[in-house]
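Below: one structure, written as structure tokens.
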Amino acid sequence: MTGVVTPVADASQARSLMAAVAAEEPLPPFSDAMVSFGAALSRSLSRSGRLLPEITALAFWTRRAELERMRASFSARESDDSILVPRGTVLHFPPANVDTIFVYSWLLAALVGNRNVIRLSERLGPAAQHIIDVVADVLPDHPEVAARTALVRYGHDRDTTDALSSGCDVRVIWGGDESVRRIRESPLPAHAAELTFPDRSSLAAIATDWYDGLDGTERDDLAGQLFNDAYWFDQRGCASPRLVVWVGRADYRAAADDFFGRLKAVTRARNYVVEASTHISKYAYALAAAAAAPLPSGLTMPDPRVTVLQTGAHLSLGEDFCGAGMFISYQIDRLSDLAPAVTRRDQTLVHAGFAQSELVSLARQVNGRGLDRLVPIGDALLFDRVWDGYDLMDSFSRRVTIRTRHV
Amino acid sequence: VSIDVLFERPQYSMHDDERRALLLSELAALTAHHERHCEPYAKMVAALPSRPMASLEDVPFLPVALFKTHRLLSIPDDEIFKVMTSSGTTGQQVSRIYLDRATAERQSRALAAIMTRVLGPRRLPMIVVDTPNVVRDRALFSARGAGVLGMASFGRHHFYALDDDMNLDENGLRGFLDRFHGDPVLIFGFTFMVWKYLYQRIRRWDVDLSRATLVHSGGWKRLQEEAVGNAEFRQAWAHDTGLHRIHNFYGMVEQVGSVFVEDDDGLLHAPNFADVIVRDPLTLQPLPHGTEGVIQVLSALPTSYPGHSLLTEDIGTTYPGLDPAEGWGGTRLRVVGRIPRAELRGCSDTHAVDVVAS
């Protein structure tokens, strides 16, 4: 790994590292130093030649104009009697296999002024490795940011996690229930806050009559957008849809068959590869689904890349999801009929063919039981600073109120 | 009924057509039996396209992974005699295989029928290439211990050749070999241990094992890392010790007793009451003999759990059974190894554990 990442050998090294980071005063929110760093990172990522879609999206998100927009939106939430300040040191545990999350988590915390310690996995994907190489190039030119940033790596060591946690002001745990459970074994200082991102799953809803009104090109586009949502992380991202709910008339099958046929064409055109072990997991998952709920049209797996299980009703099998193109498809009469099935696990609803008012009404009806994002099909994986119900920029800052007594 | 014929006839003595026909009626009956007695199994089978059971390829097959996530059994709880577990390689979840007395006895009878054919009717003086604690120490008791215990009944005067640190008891081994000099002996152990802790230590001893029979199992993965395949393994033993009766076997906790044993042709042979099919992992369709695919094992033994037709996580190639007049009958199998596990992306728990554990 590149020199920018510090291997942490033990708890005492972790304590000195936290002390060294804490010796630097936090920067003010949206300091020129930090905005310049973000913009420089964006330029280097764009120029680096490795234009994987997630890197392109990250480079776009961190370009200067976008950062200025964030700065404006941040200061709009301040006033003379209420200002936002950094919390101190933010300790991040990003997921191993979503390569860009660590940058979003780090930059959002850094932009509002915090110092950051980011624990990187030892099994980094190619995109993450590439980003780290770019960071290693850019960071030395930004000493104020560099002094307040530590990218670290270490094996599973409770003492090291204890030491890092005892020195932070906010801890962010991505990566699911098991990560949250294990990292939470390490206590936090009394004043520290914690953000957790447990296991989530997501679904899609399509208005059947609206779909009927699309022409062939529009339908292909929609299938391409769902492909991006579902297949980019092998359908195993928290935001990747697993269910496709057809909203409207009872005889939805022709529309569904048409849509999944187009989705198959997209998977072929984009050369999506399903490996042998994954396909056997898909078969096991399909049988498990059959054991949980009847499949009126049976189970066939004619195409390894798209398997559709038509169920009579909502079916959510959270455990051991195989991913890689497994869809549970069923019909409801109205979007609001989805509400009773929504659970805490449900994160993102990607949708097509609904009015804003219908979506708001669904969210109102669910009333916090689940569903943190309702976004158009195609936007499932677009990172937003509001994630899993947290506005990260708010969560990484504290609000100071300032009142005076008029004389 | 068919299964009695499959047991009574000497193992490997039947023509493929006759054996497969008997096996088909047995497996069709088992499928119906498990549909009646195991509700989740019945629901799974109900979802599969219905087709007449015209050949063994038509018998529905469950991926072995389902025994990790589902409690699959066809007996009431009060008839559970033993629960076999295996961790496999896919994580913390273990397979749970529920045996009643009848199934456990059928498994023992099956293994005995096979080993009688391999070793002859007499119990032979036996070298176990393992530590005696593998069967003594309950904490160590594992698939390894179960394997040793299962085989120990086919030998006598058991000599455990290793200590807990895998050191060979050289004096003990010399004593054992002197005592039974010139007699047939049985050597049993796990493939890697047999190679690493026995062969490599005694290869220069100038020992004569030409009357010994080696039975070994456990897979080639660790030996492949040392570039040792079955051919090298057999040749080395024969060249340095004269040992040429070597029988690798392939079996799994999900189908205990239903083991595939290697003969002189270097291939594994299905016993009378079992068969093997390979399938294309991406279409799940059966593949012709000689083609590599994912291994499906069929066994007439399990009545207490729906494990009579299982899709494994191993890759291999089948070959037709030999004419029993010429050699061992029974569909033949070459096991290539485990299906490589795909590195999937995503932010779910398996990876999350890696976040912490990596």
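Bear in mind the structure is a predicted one, so any value in this text is a computation, not a measurement. Within every chain, numbering begins at 1; the chains are lettered A, B, ... in the order of the sequence lines, protein sequences first and strands thereafter.
A pairwise comparison of heavy atoms in A/Ala288 and B/His70 identifies CB-CE1, 3.5 Å as the closest pair. The shortest heavy-atom contact between B/Thr283 and A/His279 is N-CE1, 4.4 Å. Taking each heavy atom of B/Ile339 and A/Ala276 in turn, the nearest pair found is CG2-CB, 3.9 Å. Nearest heavy-atom pair across A/Ala284 and B/Leu66 is O-CD2, 3.5 Å.
For B/Arg334, the CZ atom counts as loosely surrounded, since its 6.0 Å shell holds 12 or fewer non-hydrogen atoms of other residues, nucleotides or ligands. For CD of B/Glu39, the number of neighbouring non-hydrogen atoms (other residues, nucleotides, ligands) closer than 6.0 Å is 12 at most.
Only the side chain of B/Leu311 comes within contact range of chain A, with heavy atoms under 4.5 Å apart. Interface residue A/Ser281: only side-chain heavy atoms are found under 4.5 Å from chain B. Residue B/Leu48 touches chain A through both its backbone and its side chain, counting heavy-atom pairs closer than 4.5 Å. When heavy atoms are compared at a cutoff of 4.5 Å, B/Phe67 does not approach chain A at all. Contact of A/Leu295 with chain B is made through the side chain alone, with heavy-atom distances under 4.5 Å.
Ranked by heavy-atom pairs under 4.5 Å with chain B, the first of A/Val180, A/Leu299, A/Asp303 is A/Leu299.
Atom CG of A/Leu287 is separated from atom NZ of B/Lys43 by 13.5 Å, given to the nearest 0.5 angstrom. Expressed to the nearest 0.5 Å, how far CZ of B/Arg279 lies from OH of A/Tyr283 amounts to 7.5 Å.
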